[in-house]
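Right, one structure below, let's go through it.
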There are 2 protein chains.
Amino acid sequence: MNLEQGKQQQGRFDGGPSRIEAFRKNVNAGVLKFVRNVRKLGRDDPRRVVHSLKVGLALTLVSLLQYCQPLYDSFGVSAMWAVITVVLVFEFSVGATLGKGVMRGLATLLAAALAVGAHHVANQSGRIAEPILLGFFVFLQAVVFTFARFYPTIKARYDYGSVIFILTFSFVSVSGYREDEIVKLAYQRLSTILIGGSACIIISILVSPVWAGEELHNLIASNIDKLAGFLQGFGHVYFEIDEDLVSNRNKSFLHGYKTVLNSKNSEDSLANFAGWEPGHGRFLFRHPWEQYLKIGARTRRCAYRIESLNCHLNPHAKPEIPSKIRETCTEMSLECGRALKELALSIRSMVKPLAAYVHIEKSKSAAENLNSLLQSSGLWGDNTDLLQFVPLATVVSLLIDVVNCTEEIAESVYELASMVNFEAVEPTVSPEKPETGQSKPLKSSDDVNSPSVIIVIDEPSLENGTSSATTTDSCSKTSN
Amino acid sequence: MNLEQGKQQQGRFDGGPSRIEAFRKNVNAGVLKFVRNVRKLGRDDPRRVVHSLKVGLALTLVSLLQYCQPLYDSFGVSAMWAVITVVLVFEFSVGATLGKGVMRGLATLLAAALAVGAHHVANQSGRIAEPILLGFFVFLQAVVFTFARFYPTIKARYDYGSVIFILTFSFVSVSGYREDEIVKLAYQRLSTILIGGSACIIISILVSPVWAGEELHNLIASNIDKLAGFLQGFGHVYFEIDEDLVSNRNKSFLHGYKTVLNSKNSEDSLANFAGWEPGHGRFLFRHPWEQYLKIGARTRRCAYRIESLNCHLNPHAKPEIPSKIRETCTEMSLECGRALKELALSIRSMVKPLAAYVHIEKSKSAAENLNSLLQSSGLWGDNTDLLQFVPLATVVSLLIDVVNCTEEIAESVYELASMVNFEAVEPTVSPEKPETGQSKPLKSSDDVNSPSVIIVIDEPSLENGTSSATTTDSCSKTSN
């Protein structure tokens, strides 16, 4: 054992105070970080705090059933079910709360009725057969409804209802074997569930409601906005002459689109909840929420192209590009971004997306321009080293794909606009048209930092972490 | 009113029988379709039927608590909680059941202890203050724990625990106000929950268990397999000379990868459940499930590239390609597919992915070959119409991206292999190397229809529906 090792081991035993100090510091830092996270959680979306208060309020209100003697006398121990209902039914959005509340009510009603029937049948069959028959009924309904939960439609919409059905049927039919007042029990349970459910629904609608439909509406618009942010930035970063400007700027807009890639599940569940909601604000009952899913799917497809495009953002892989091609590509990307931004705006403000078509036409004519530029053989010089041309061709081709995707998104937004009669407002295209001439500097900072680009990268999961860490890696290899 | 209209209206009133007939036919067809779907559901995964039977068994077993007089005497009405626990805790996989069961137990224990404490404090504060104080406690814990459910870590892992905490605390502290035997109540509830939870866990482990870890393991392998299936098919379909062969063949392998795009959520939840599971079969406790998520993320990134590649599959957009380039590209795609298939196999059978590297090296050398082919100017003829070259360049570039992604996947699989000491087995490369010569036909049918390619397109959702319908559309525009 040499001197160093000896010192280390000594430290392990009698270096106590300093290690306790370090531990205390660690704990302090952890607590501080936790507090900061919690505060951020509330500040990012204050509706979370409001929701928590709403749940507390509902729970305290239904507890009154237990505290007030006259109410307690009429409901008895069943009053507990109101508490359970509130805890299990109260969700963040009105749609989810309504859906769960209604399902809970209906499933309980149906299951209780069937259980009373089952109890009646079992009752007539003699003392010995009764528990066997009841057990068989419980077994049968559990098997049938558990299997039903695998059926796609039921799984997507009525999963909670199935669980409640199994629960209530087992509960009522089994406890019915003991208590002879089974009908009274079922009635009490139903009425307390009704009270709990109504408390949830009323509070969730009256106290600063969170509508799933509006959430979906905004999510779709902000997803389109994220793609717009990328495309408006991409043109500059990839084709920009002024490297310093590019490297200094905040590049978060180039990663905003990543959350779009995995947004399918949240869109699906929001659309599901939105179907339960009554008309509210600008949305009537039976608003075409399915159409939002269609727009969402097309937006996601566009995001996949952008993910491939993003791989070619590595500055080292940048080929030397003739300036005319560079400008046309930049215009294509910018116009596409503007079109998407107009589409997002059109969804948000519910006006017809007329301006978007202007930008799409511009990006398409830029694409045609590009085609003729590529056809004119003189541009690329005399050497026909096609290898040099591959990265540029890829970017061009992916950009053209993106233009097509944008057109598809525009089509589906237009379908939505005609379904729900969006207002027709004159196109809001900015008066000064960006020229394709060489001399005019592109209004880079305006486009990238314009206020309507909202870039939120929420919950940086492993997915995002690894992808941002390794994308550069994979891209640098591409340049070889 | 003309004659036709009159006839129609008449039909509406007295044409009853034929319409009833039509209605009956419709209903019959609907029922038949439903039955067929249900049968398919069970046949696709017989474990679903077994799971339903397991739930029925568990529920019937805990009902015994209620039927048997001696058991009923010791638990009373609390026996109901065993039934509720089984319904809410029993999940498809062992991990999910264990996680929910343990969380339910711990959260109930903690909440009950705190509620008893709260009840004690309230009890000491006088008759009037008691309900107010209890109401305040209920409100406070509901607010705190509802807000906690928004915290990402808690939301991902302890959401159910939080709900149960709120439920139990409210339940015990509120009912404690009435019943003086609050400690007995808490004890009874805990023991019946323990009985219900144990029944779930024991049955779920002993009767043909479904391990979430194994599911994750297989999902990751089959996702990689799907990409392999696409790449092995892509080479043939895009570069194939024999068009008839291509158009006649079942092209489902070209869509299998689409389910990979949206697999993040299922992977995340499976990994979460797997963390709860004890060692089983080939998986020890604390198997590195996180590493599977890393492999999954990289697989998904490869799938995004493939999605872009798939857009260029339209036969009308196919450019005329010099045969040498065509062969090299086909080889690149095939070797990449073989590498991925080896990786999937290596995960499935838990042996080191040595053979995969051979194929990756081959695909990389094919890429280098391609580079030098593109550099030799004579190949493309004398016309330097770059526009014609764009589609090919894109496919080449995306294929190179795919090769890089494959290498990344291989790296992470290798990391996994060294983490859990996969067996080292000699590479299982097929003895006859596919030649790059022109004369030898590529073994197309072998590659595409080989038994280890499993292509399952489950639940064709709106997403898949719209994408497959419109991809061709978007691609045909690209060719202009």
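If you're wondering where the values come from, they're calculated on a predicted model, not measured in any experiment. Values below: all heavy atoms of this structure, side chains included; hydrogens, waters and symmetry mates excluded.
- For B/F34, the parts sitting under 4.5 Å from any heavy atom of chain A are the backbone and the side chain alike.
- Side chains of A/Q291 and A/K294 form a contact here, defined as non-hydrogen atoms less than 4.5 Å apart.
- Between B/F171 and A/W81, the ring center distance fails the sub-6.0 Å criterion.
- In this structure, chain A has no heavy atom under 4.5 Å from any part of B/V86.
- Chosen from B/V83, B/V403, B/I84, the residue pairing most often with chain A at heavy-atom distances under 4.5 Å is B/I84.
- When each of A/L59, A/V62, A/L88, A/D45 is scored by its heavy-atom pairs under 4.5 Å with chain B, the top score falls to A/L59.
- Highest contact tally toward chain A, considering only B/I164, B/N37, B/L370, is held by B/N37 [criterion: heavy-atom pairs under 4.5 Å].
- In this view, A/N265 satisfies the side-chain hydrogen bond (donor to acceptor under 3.5 Å, both in side chains) rule with no residue, not counting sequence neighbours.
- Ring geometry for A/Y304 against B/Y304 counts as parallel: the plane angle stays under 30°, on a 0 to 90° scale with 60° as the upper cut.
- Of the residues considered (B/L398, B/V38, B/V87, B/V396), B/V87 shows the highest number of contacts with chain A, using heavy-atom pairs under 4.5 Å.
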Side-chain atoms of residues 135-149 of chain B: list all donor-acceptor pairs with protein atoms under 3.5 Å, sequence neighbours left out, distances to 0.1 Å.
| from | atom 1 | to | atom 2 | distance (Å) |
| --- | --- | --- | --- | --- |
| B/Q141 | NE2 | B/V138 | O | 3.3 |
| B/Q141 | NE2 | B/S170 | OG | 3.2 |
| B/T146 | OG1 | B/A142 | O | 2.4 |
| B/R149 | NE | B/D159 | OD1 | 2.9 |
| B/R149 | NH2 | B/D159 | OD2 | 3.3 |

